[in-house]
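This structure is a prediction, so every number in the text was calculated from the model and none was measured. We're numbering straight along the sequence, starting at 1. Scope of the values below: all heavy atoms of this structure, side chains included, with no hydrogens, waters or symmetry mates.
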Amino acid sequence: MPHYEDALVDSLKGGSATAAVKEYLSKGEEALRKKHLEEKNGAEICKAYTCLIDDLLKSIFTVQTSNLACVENAALVAIGGYGRGELNVRSDIDLMLLHKKRITPSIKELTEKMLYLLWDTGLDIGFSIRSVGECVSLAKDDLKTMTSLLDLRFILGDKGLFSLLSESVRKDLFNRKRTGVFIEEKINESKARHHKFGDSVYILEPNVKEGEGGLRDLHTARWIIKARNMRQMEPFSMGHISDRWRTELEAALDFLLWVRNELHFQTGRKTDQLAFDHQERIADLLGYTDTEHVLAVEAFMQRYYKGASSVNNYANLILSRSRR
C-alpha cells in the first residue's frame with residue numbers, strides 16, 4: 001500500500017497533479033481489491049482505505065500550503081465515517097478546513113486549489129470551511145452537523161486549533177443539558193430510519209448501511225456512548241457486554257463492512273442495497289455452494305441475518321440504557 005511520502009508530494013508538484021492523483025488512487029484501490037478478495041476482512045480494508053485517502057490529502061495540503069506560504073492557522077479535519085477511520089471504499093469522504101475567525105485570501109485560495117484537484121479525482125468529497133465558532137453555532141441548530149462533530153479526526157495543519165474545536169464541542173454541545181436532547185433525537189431518528197427501510201432485520205434485499213441491523217444502527221449506539229462520555233472508543237469498548245458477545249459483534253461488524261466494500265468495488269460507487277443479483281454473486285465469492293437442504297445464496301443470507309441481528313440487539317441495548 002502507498003503511504004504518505006516524499007514521492008507522492010513530488011509527483012503532485014511536477015507535471016499533471018490530476019494524473020498523479022488518479023494513478024495513486026487506481027493503484028491503491030487495485031491493491032485493496034486484491035487484499036479484500038484474498039483475506040475477506042472488512043475492517044482492515046476500511047482502515048487501509050482511510051490511510052490511502054489520508055496520505056493523499058496530506059500530500060495535497062502540504063504542496064498547496066507550501067505554494068501559498070501561509071495557513072499557519074488552518075487544520076484539515078476528517079468527519080463522519082472518514083473521521084472514524086472506518087471508510088468503505090468509494091464512500092463519501094467528509095472533510096473540513098478549520099480556520100481561525102475569518103476566511104483570509106490565502107485560506108480561500110487554498111480551498112479552491114484543493115477542491116479543484118479533488119473534484120477531478122472522481123472521489124465523492126463533502127467539503128466545508130468553518131471556524132470553531134461556526135461549527136458550534138451550526139451544530140446547535142442541526143442534528144446532522146452536531147452528530148458529525150462526534151467523529152472529528154485531525155489530519156494535518158494547526159493541531160492547537162483542532163484541540164480548541166474538540167474542547168468547544170465537549171463544553172458547548174455535549175454538556176449534560178444538550179446531551180439528553182441529542183440522545184432523544186438520535187433515538188427518534190433511528191425509529192424513523194427503521195420504518196423507512198422496513199422495520200425488520202429480515203428484509204429480502206436489505207440495505208447494509210441504513211436497514212435494521214445495518215451499520216447505521218451501530219453508528220447510532222456509538223454516537224450515544226460518545227455523547228455521554230466524550231472520548232474516543234473502540235466499537236464495543238463501553239457497552240457493558242460479555243467477551244463472547246463482543247467477539248460475535250466484532251465478527252458481525254467485520255462481515256458487514258466486507259459486504260459493503262464488495263458492493264462498492266463491484267459497482268464502482270456507493271451502493272448499499274444487497275439486491276438478489278449481488279447476493280448470488282457474493283455467495284459464490286465466499287465459497288458457498290448449493291446442498292441438498294439449502295441453496296448457496298440462502299446460506300449466505302443466513303449469515304448476514306445472524307450478524308445483522310447481533311448488531312441490532314446491541315444497538316437496542318445501548319438505546320434502552322441511554323434513557324435510564
Chemist: What residue pairs, at least two apart or across chains, pass ring pair (Phe, Tyr, Trp, His ring centres under 6.0 Å) with a residue in residues 134-169?
Modeler: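 For residues 134-169: F154-F162.
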Chemist: Just by distance, no angles: are the side chains of Y82 and D92 close enough, under 3.5 Å, to form a donor-acceptor pair?
Modeler: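 There is no such pair (donor and acceptor under 3.5 Å, judged by atom type) between the side chains of Y82 and D92.
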Chemist: Taking side-chain contact (heavy atoms from CB on, under 4.5 Å) as the test, write out the residues that go with T18, two or more places apart.
Modeler: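 Counting only residues at least two positions away or on another chain, T18 forms a side-chain contact (heavy atoms from CB on, under 4.5 Å) with S16, K22, L117, D120.
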Chemist: Does any part of the side chain of N41, heavy atoms only, come nearer than 4.5 Å to the side chain of L257, both counted from C-beta?
Modeler: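 When only atoms from C-beta onward are counted, N41 and L257 do not touch, as no gap falls below 4.5 Å.
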Chemist: Does any part of the side chain of Y49, heavy atoms only, come nearer than 4.5 Å to the side chain of E29, both counted from C-beta?
Modeler: yes
Chemist: So if I apply the side chain to side chain contact (heavy atoms under 4.5 Å, CB included) rule between F300 and each of L285, L274, L295, which one comes out positive?
Modeler: L274
Chemist: Tabulate below the donor-acceptor pairs under 3.5 Å that side-chain atoms of residues 190-203 make, not counting sequence neighbours, or state none.
Modeler:
from : atom 1 : to   : atom 2 : distance (Å)
S190 : OG     : R193 : NH2    : 3.3
R193 : NH1    : E210 : O      : 3.0
R193 : NH1    : D217 : OD1    : 3.1
R193 : NH2    : D217 : OD1    : 3.0
H194 : NE2    : D217 : OD1    : 2.7
H194 : NE2    : D217 : OD2    : 3.3
H195 : ND1    : D199 : OD2    : 3.3
D199 : OD1    : H195 : N      : 3.3
S200 : OG     : Y202 : N      : 3.0
Y202 : OH     : S309 : OG     : 3.2

Chemist: May I ask you to say whether E30 pairs ionically with K27, meaning some side-chain N is under 4.0 Å from a carboxylate O?
Modeler: no
Chemist: Before accepting this row, confirm whether a basic side-chain N of the pair R33/E262 lies closer than 4.0 Å to the acidic partner's carboxylate O.
Modeler: yes
Chemist: In the structure I gave you, are the side-chain heavy atoms of D151 and H219 within less than 4.5 Å of one another anywhere?
Modeler: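 With C-beta onward as the side chain, the pair stays apart.
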Chemist: Looking at D54 and R153, does any basic side-chain N land under 4.0 Å from a carboxylate oxygen?
Modeler: yes
Chemist: Sequence neighbours left out, what passes side-chain contact (heavy atoms from CB on, under 4.5 Å) with T267? Give chain and number order.
Modeler: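 In terms of side-chain contact (heavy atoms from CB on, under 4.5 Å), with neighbours along the sequence ignored, T267 is linked to R269, T271, H278.
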Chemist: Just grab all the side chain to side chain donor-acceptor pair (under 3.5 Å) pairs involving residues 289-300, residues at least two apart or on different chains.
Modeler: none
Chemist: Looking only at atom types and distance, does a side-chain atom of E39 sit under 3.5 Å from a main-chain N or O of I45, one as donor and one as acceptor?
Modeler: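 No.
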Chemist: Going by side-chain contact (heavy atoms from CB on, under 4.5 Å), name the residues that satisfy it together with D142, two or more places apart in sequence or in a different chain.
Modeler: K144, T145
Chemist: Could you tell me if the side chain of E205 sits less than 4.5 Å from the side chain of M301, heavy atoms only?
Modeler: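 The answer is no; the side chains never approach within 4.5 Å.
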Chemist: For a 4.5 angstrom cut-off between non-hydrogen side-chain atoms, does T111 reach F127?
Modeler: yes
